[in-house]
Amino acid sequence: GQGPAPAPTALPSCEPAAHLTVLQSAPLTTKEESGRVRPLPQLNLASERDVLREMLARASKAVRLAFEIATTDNLRSVITLGTKILHYSGHGEETFLAFEDGT
């Protein structure tokens, strides 16, 4: 008889790239429940974008990366279009995230 069958060769991964969307928001002010408007600290969103790009470039996984302004319309759109990973960069409180108003 013949010897043992050769071990199967591992096929390259055909996994599609994960789709990561980063919603970023940096409103200048927020309105408190009392109606008082107060300033918010500035965020360095450009630096965060650079860090994320650098980290993903070093990763061993394929990732499609998209940055969007955090508005309710953009959130609805990226979810509808099938983003698999959602990261939010911005201000928030216990009960809400501070999105841009879209104007």
Side-chain angles (χ1 to χ4, degrees):
Q2 296 179 316
T9 304
L11 296 174
S13 173
C14 295
E15 279 184 34
H19 187 184
L20 166 60
T21 301
V22 180
L23 292 180
Q24 294 188 307
S25 178
L28 300 175
T29 62
T30 188
K31 187 181 283 189
E32 296 176 344
E33 286 184 19
S34 66
R36 186 178 139 238
V37 175
R38 68 176 168 90
L40 291 171
Q42 288 190 343
L43 301 174
N44 191 341
L45 298 178
S47 176
E48 184 169 341
R49 283 191 299 270
D50 292 343
V51 168
L52 284 169
R53 284 185 182 114
E54 181 182 321
M55 287 176 30
L56 291 171
R58 294 189 315 221
S60 60
K61 300 284 185 184
V63 177
R64 281 188 311 154
L65 179 61
F67 292 92
E68 300 288 343
I69 296 170
T71 64
T72 54
D73 286 342
N74 283 346
L75 174 61
R76 186 177 305 110
S77 177
V78 300
I79 297 298
T80 301
L81 294 175
T83 194
K84 299 297 181 200
I85 306 164
L86 181 64
H87 176 80
Y88 173 75
S89 297
H91 292 289
E93 300 287 338
E94 284 186 32
T95 59
F96 68 90
L97 298 176
F99 276 26
E100 299 285 339
D101 65 8
T103 59

Quiz prompt | Working for side-chain contact (heavy atoms from CB on, under 4.5 Å), residues Val78 and Leu86 | solution = CA-CA 9 Å; Val78 300; Leu86 181 64; 4.3 Å; yes
Quiz item: Minimum heavy-atom separation for Glu100 to Pro27, with atom names?
Solution: OE2-N, 3.2 Å
Quiz item: What are the two closest non-hydrogen atoms of Ala26 and Leu45, and how far apart are they?
Solution: CB-CD1, 3.7 Å
Practice problem: State the OG1-CG distance between Thr21 and Leu81, to the nearest 0.5 angstrom. | Solution: 8.5 Å
Quiz prompt | Atom pair CD1/NE2 of Ile85 and His19 - distance to nearest 0.5 Å | solution = 9.5 Å
Quiz item: Distance only, no hydrogens: is a donor on one side chain within 3.5 Å (strictly under) of an acceptor on the other, for Ser89 and Glu48?
Solution: yes
Quiz item: With sequence neighbours left out, what residues match Glu32 under salt bridge (charged side-chain N to carboxylate O under 4.0 Å, His left out)?
Solution: Arg36, Arg38
Exercise. Ignoring hydrogens and angles, tell me if any N or O in the side chain of Thr83 forms a donor-acceptor pair with the backbone of Ile79 under 3.5 Å.
Key: no
Exercise. Using modelled atom types only, decide if a donor and an acceptor are shared between the side chain of Asn74 and the backbone of Glu68 within a distance under 3.5 Å.
Key: no
Practice problem: Not counting sequence neighbours, which residues clear side-chain contact (heavy atoms from CB on, under 4.5 Å) with Asn44? List them please. | Solution: Ala46, Ser47
Self-check item: Residues which pass side-chain contact (heavy atoms from CB on, under 4.5 Å) with Ala70, listed by chain and number, not counting sequence neighbours
Solution: Leu23, Ser25, Tyr88, Phe99
Practice problem: Count the heavy atoms belonging to other residues, nucleotides or ligands that lie under 6.0 Å from CD1 of Ile69, then report whether that count exceeds 12. | Solution: no
Quiz item: Does the side chain of His87 reach to within under 4.5 Å of the side chain of Leu20, using non-hydrogen atoms?
Solution: yes
Quiz item: Heavy-atom distance under 4.5 Å between the side chains of Leu43 and His91, does that happen here?
Solution: yes
Practice problem: Might you work through the side-chain contact (heavy atoms from CB on, under 4.5 Å) test for Val22 and Leu65, ending with a clear yes or no? | Solution: CA-CA 8 Å; Val22 180; Leu65 179 61; 3.9 Å; yes
